[in-house]
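Below you'll find the structure, written out as structure tokens, and then a few comments.
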Amino acid sequence: MSERRTITITIGEQDFNFTLGAPEVTKYFNSMSPTNKVSPAFNLLTTSVAQEERAALKALLANPLMTMQIAGALLEEYSPDIEFTVKKPSATPND
């Protein structure tokens with residue numbers, strides 16, 4: 001999935017429009033670490049939201065839980081709908 005998509009998330013009474021593509025998602029995942037999760041989520045949201053909505057969004061992102069919930073919803077919506085199955089290895093060796 002390499003195309004950019006605009007995703008609208010309604011928070012309370014306000015719509016926020018995010019434009020997201022593979023480069024933003026990759027940067028988000030690459031910047032996460034065991035001790036740094038909120039900052040990458042904050043950066044993803046503030047750089048992908050429409051500029052005229054940024055100030056209103058930043059006010060909501062003062063709460064780190066809200067930041068993580070919004071980022072999670074955005075990434076879930078961006079994720080492609082695919083079906084896959086992971087097959088377990090056979091218990092008998094293939095000789």
Side-chain angles (χ1 to χ4, degrees):
M1 173 175 247
S2 61
E3 79 272 357
R4 300 181 64 70
R5 293 182 49 209
T6 298
I7 298 167
T8 302
I9 296 178
T10 304
I11 303 169
E13 299 289 320
Q14 185 167 359
D15 287 345
F16 293 93
N17 297 290
F18 298 88
T19 301
L20 203 57
E24 292 84 11
V25 174
T26 299
K27 184 176 181 180
Y28 167 72
F29 284 117
N30 287 343
S31 62
M32 284 181 40
S33 70
T35 59
N36 188 22
K37 292 180 181 57
V38 178
S39 292
F42 179 90
N43 292 337
L44 174 70
L45 294 170
T46 57
T47 59
S48 62
V49 75
Q51 185 174 0
E52 63 274 9
E53 299 163 355
R54 192 168 292 146
L57 179 65
K58 281 186 175 181
L60 296 172
L61 301 182
N63 181 325
L65 293 175
M66 179 79 83
T67 301
M68 298 306 293
Q69 287 180 330
I70 298 169
L74 180 63
L75 291 169
E76 185 174 328
E77 183 60 30
Y78 179 76
S79 176
D81 293 328
I82 60 170
E83 287 189 37
F84 60 89
T85 302
V86 176
K87 295 190 176 192
K88 302 294 180 186
S90 174
T92 58
N94 293 338
D95 287 337

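The first residue in the sequence is number 1, and the count goes up from there. All of these numbers come straight from a predicted model, not from anything done at the bench.
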Distance-minimising heavy-atom pair for Thr10 and Gly12: CG2-O, 3.6 Å
Can you tell me how far the CZ atom of Phe18 sits from the CZ atom of Arg4, to the nearest 0.5 Å? 13.5 Å
For Gly21, is there any backbone N or O sitting under 3.5 Å from a side-chain donor or acceptor partner on Glu24? yes
Side-chain donor-acceptor distances from residues 57-74 under 3.5 Å, at least two apart:
unit_1: Asn63; atom_1: OD1; unit_2: Leu65; atom_2: N; d: 2.8
unit_1: Asn63; atom_1: OD1; unit_2: Met66; atom_2: N; d: 3.4
unit_1: Thr67; atom_1: OG1; unit_2: Leu61; atom_2: O; d: 3.1
unit_1: Thr67; atom_1: OG1; unit_2: Asn63; atom_2: O; d: 3.3

Could you tell me the separation between the CD atom of Glu77 and the CD1 atom of Ile9, rounded to the nearest 0.5 Å? 8.0 Å
Does Glu52 have more than 12 heavy atoms from other residues, nucleotides or ligands lying within 6.0 Å of its CD? yes
With sequence neighbours left out, what residues match Thr8 under side chain to side chain donor-acceptor pair (under 3.5 Å)? Asn17
What is the distance from atom CZ of Arg5 to atom OG1 of Thr19, rounded to the nearest 0.5 Å? 11.0 Å
With distance as the sole test, does Tyr28 use its side chain to make a donor-acceptor pair with the main-chain N or O of Asn43 at under 3.5 Å? no
Quick check for you: to the nearest 0.5 Å, what is the distance between Lys37 atom NZ and Ser31 atom OG? 11.0 Å
